[in-house]
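Letters go in sequence order (proteins before strands), and every chain restarts at 1. Quick note: numbers below take in every heavy atom, side chains included, and nothing from hydrogens, waters or symmetry partners.
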2 protein chains.
Amino acid sequence: MSKAEQLEQIRKQLQEAGYKLTAQREATVAVILECSQAHLSAEQIFIKTKAEVPEIGLATVYRTLEMLTELHVLNKISFVEDGVTHYDLCEENASQHFHHHLLCLQCGAIEEIHEDLLVSVEQTVAERFSFAVLDHRLTLQGICANCQAANSANGLPANQLDPSKQVDISQL
Amino acid sequence: MSKAEQLEQIRKQLQEAGYKLTAQREATVAVILECSQAHLSAEQIFIKTKAEVPEIGLATVYRTLEMLTELHVLNKISFVEDGVTHYDLCEENASQHFHHHLLCLQCGAIEEIHEDLLVSVEQTVAERFSFAVLDHRLTLQGICANCQAANSANGLPANQLDPSKQVDISQL
DNA sequence: CTATCTGCAAACAGTTTGCAAGGTG
DNA sequence: CACCTTGCAAACTGTTTGCAGATAG
């Protein structure tokens, strides 16, 4: 599905839910689609949207994000426990199951995995704990391929954190 | 390992790291050990500690929690994206791998699973994405056994959320 | 005795809310 | 034209910090 189609679909969802189509909302949605891989925070979305629609206020962005979360267009997430909420675009298809994330502890990069790796895990839990699984949140923390290569090049163990290279993840 | 032994061990860790053993810190650690299953927030820990040591201040609790997190005695977590950090006691044994959580979306109960269910998942990711996994965060969201039973008793589908029973998870 | 630690209050950052003005359907 | 939506500023919440006095080692 193309960006334009996605935007059109979200627009329709808003309308069906009885919301009005304002310039601010469209611009916000456009920014979110544009940067869907970036896991932006509200503030970051605000700044990017303000570049398009300068008269927008931060409160409106928050209200729009809240709205989109209710409509299951977005998911709130926080990888780092720094009190900042980031927003993640939901998959457009039927599967309500949330995708997984790989968080590089060295460079802070976040990669998404869209295969569902937890089918058997969820089955195990359902059986062993009588727990009916509806969704999941999985983040694997480690070192991405790039940083492994960089570490090797510097004569360091590839699969161990290089503290000198480590960025402050809470700044992301 | 008993509570007393754990407390003793943490006390030793503090000392070795060059921290002083104050009454406030001991009381805070005691509360955390006491309620290790409850995933308390800083405020909740403060209230329980103040019951023991009334002259303690909230800032001290925050500073102690920060300290214990650095010493890898605690882990910061947030199941619900409400901006409140909760604290989770680390396993005392060698395995640095974080345990998993089952979050009941109906009653808000949180169960811990201490078996590592992700060995094969991590292997898959390592191979397919060249990602060196160091740790993980997994929360399975669904309906606990209790709520399933309650739903059944009320003639509702056991494995589907009963909205009328749903508590505000962000209040936990 | 000295460096660390404490409580308090003020400062902070992210988010939410009340309100009057503006815009959509 | 009625109601929704907006921007602004003020309020709020969880957390952090500066400081003078208290305290552990």
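The minimum heavy-atom distance linking A/Ser36 with A/Leu89 is given by the pair CB-CD2, 3.7 Å.
For the side chain to side chain contact (heavy atoms under 4.5 Å, CB included) test, residues two or more places apart in sequence or in another chain that qualify with A/Ala38 are A/Cys35, A/Leu40. Contacts of B/Phe79 classified as ring pair (Phe, Tyr, Trp, His ring centres under 6.0 Å), with partners at least two apart in sequence or in another chain: B/His39, B/His101. Looking at residues two or more places apart in sequence or on another chain, you find a ring pair (Phe, Tyr, Trp, His ring centres under 6.0 Å) between A/His100 and A/His136. Scored by the side chain to side chain contact (heavy atoms under 4.5 Å, CB included) test, A/Glu16 finds A/Lys12 as partners (sequence neighbours excluded). Under the salt bridge (Lys or Arg N to Asp or Glu O under 4.0 Å) criterion, B/Glu115 pairs with A/Arg128, not counting sequence neighbours.
A/Val119 belongs to no hydrophobic cluster with other residues, because no ILVMFWY side-chain heavy atom falls under 4.5 Å from its own, directly or through intermediates.
Chain A approaches DNA chain D within less than 4.0 angstrom (heavy atoms of the protein), and the contacting nucleotides run 5' to 3' from D/dC3 to D/dC8.
Among the protein residues, B/Leu58 comes within range of the nucleic acid bases, having at least one heavy atom under 4.0 Å from a base atom. Note on A/Ser41: nothing from the nucleic acid sits closer than 4.0 angstrom, heavy atoms only.
A heavy-atom distance below 4.0 Å to DNA chain D is reached by none of the residues of residues 68-76 of chain B.
Each ring pair (Phe, Tyr, Trp, His ring centres under 6.0 Å) pair with one or both residues in residues 105-132 of chain B, not counting sequence neighbours, appears once here: B/His99-B/His114. The salt bridge (charged side-chain N to carboxylate O under 4.0 Å, His left out) contacts involving residues 49-74 of chain B comprise B/Glu66-B/Lys76, where partners must be two or more places apart or lie in separate chains. For the side-chain hydrogen bond (donor to acceptor under 3.5 Å, both in side chains) condition, the pairs that include at least one residue of residues 19-34 of chain A, sequence neighbours left out, are A/Arg11-A/Glu26.
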Where protein sits on nucleotides 1-6 of chain C, one letter per nucleotide: B base, S sugar-phosphate only, - none, heavy atoms under 4.0 Å: --BSSB

